[in-house]
Amino acid sequence: MTLTLADILSAARVVRGQADGTPLVPSPGMEERTGGEVLLKLESMQPMGAFKLRGALNAAAALTPEAPGVTCCSTGNHGRAVAWAARARGVRAVICMSNLVPQAKVDGIRALGGEVKIVGRSQDDAAAESRRLADEEGLTEIPPFDDPLVISGQGTIGLEMLAARPDIRTLLVPLSGGGLAAGVALAAKAVNPGVRVIGVSMDRGAAMVASLEAGRPVEVEEVASLADSLGGGIGLENRLTLAMCRDLLDDVVQVTEDEIYTAMQVLYWEDRIVAEGACAAGHAALLSGRVRDAAAPVATIVTGRNPDMDIFTRVVTGQDVTLGDMIVKGRAYAR
Ligand SMILES: *Cc1c(COP(=O)(O)O)cnc(C)c1O
């Protein structure tokens, strides 16, 4: 199956009035540091706090009228988005989680109207339960990235960015499972084939980067990161996003935890944005100097505003952060 601009245009009709039209704003601080215009697409202003609402709404819109509801096993922004989209559509959302998930995340999903089902002791157990609910109770599974409707929904971001600023030359996209990068690259290049689209991941535990290098889906060891939304695998049965990222991304850049730390400070103190570490990936890549041919205008996507507030506060106030076996050394923000 191949996705086209038509799929993204149809997703744009679905999300209109519900999850579209987030602002594209200049970043004077980054302009000063890089010498060229830098634009930020604020998906952090989505009602449930992240761009994933677009894909979830597009997937939920395809349900048949008799469909009883939806299910997934994400504890992060995808789970929140699925809960929100199901409520908007008036159907059940059952979000499956293992008993290791912190209560705050359970409460967050419930507050958005989602039913939480706690099963087993691992993410795999939660995934198995979600699949069982799909098989036995007829709920529709909404995958977090490897799905044509989800990719098309995320792609509407690229359409909006290029419609607002057709002169964007470099587009930096935080990269995990690749639904965002695949959709945005497809849309942006359909409008302007000359735009360079570059995925940005952290330098440890980046499954898409490892898979692109291997030429097939591979598993990597999951490690804690300031960019926690960029963790996780791409699925060994990956159908769409690996091939799309291979064909549509011009480059992939990896950033260190130290670089993400500094970028989160810049995003907060200069852009005045509360956002997750994943959202600072574009800033980190630019500031690292590792983006080849970063022709301006450069644009990046601030993907979500649901950080762990304890870690976030430590970063912006310059304290050490412990991530598993690693300590990111604190340092005061310096302009
Ligand atoms: C999911 C997510 C991403 C990565 O999106 P993929 O489609 O998995 O590549 C980036 N940032 C945030 C905040 C997310 O929730």
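Each ligand, and each atom within it, is numbered from 1 in the order the structure gives. On a predicted model such as this, the values are computed, not experimentally measured, just so you know.
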- Query: Can you find a non-hydrogen atom of A181 under 4.0 Å from ligand 1?
  - Reply: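 In this structure, A181 fails to qualify as a contact of ligand 1 - no heavy atom is under 4.0 Å.
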Report task. Classify the ring geometry between Y333 and W269 as parallel (under 30°), tilted (30 to 60°) or perpendicular (over 60°). Result -> parallel
With a 3.5 Å cut-off and no angle check, do the side chains of [X] and [Y] form a donor-acceptor pair?
X    : Y    : answer
E43  : T22  : yes
D125 : S98  : no
N77  : E276 : yes

Protein heavy-atom partner closest to [atom] - residue, atom, separation in Å:
atom                   : value
atom 4 (C) of ligand 1 : S176 CB, 3.7 Å
atom 8 (O) of ligand 1 : G177 N, 2.9 Å
atom 2 (C) of ligand 1 : K52 NZ, 2.4 Å

Short list, please: which atoms of ligand 1 are under 4.0 Å from a heavy atom of [X]?
X    : value
F51  : 1 (C), 2 (C), 3 (C), 5 (O), 10 (C), 11 (N), 12 (C), 14 (C)
N77  : 13 (C), 14 (C), 15 (O)
E276 : 13 (C)
A278 : 11 (N)

Q | Exceeds 12 heavy-atom contacts within 6.0 angstrom, atom CG of D167 | A |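 Correct, the count exceeds 12.
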> Do other residues, nucleotides or ligands put more than 12 heavy atoms under 6.0 Å from R292 CZ?
Replying inline: no
Check your understanding: Are any side-chain N or O atoms of K189 and backbone N or O atoms of L248, one a donor and one an acceptor, separated by less than 3.5 Å?
Key -> yes
**Test side chain to side chain contact (heavy atoms under 4.5 Å, CB included) applied to E115 - qualifying residues, sequence neighbours left out** =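 In terms of side chain to side chain contact (heavy atoms under 4.5 Å, CB included), with neighbours along the sequence ignored, E115 is linked to R92, V94.
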Would you say [X] and ligand 1 have an N/O pair spaced under 3.5 Å apart?
X    : value
L180 : yes
T303 : yes
L230 : no
G179 : yes

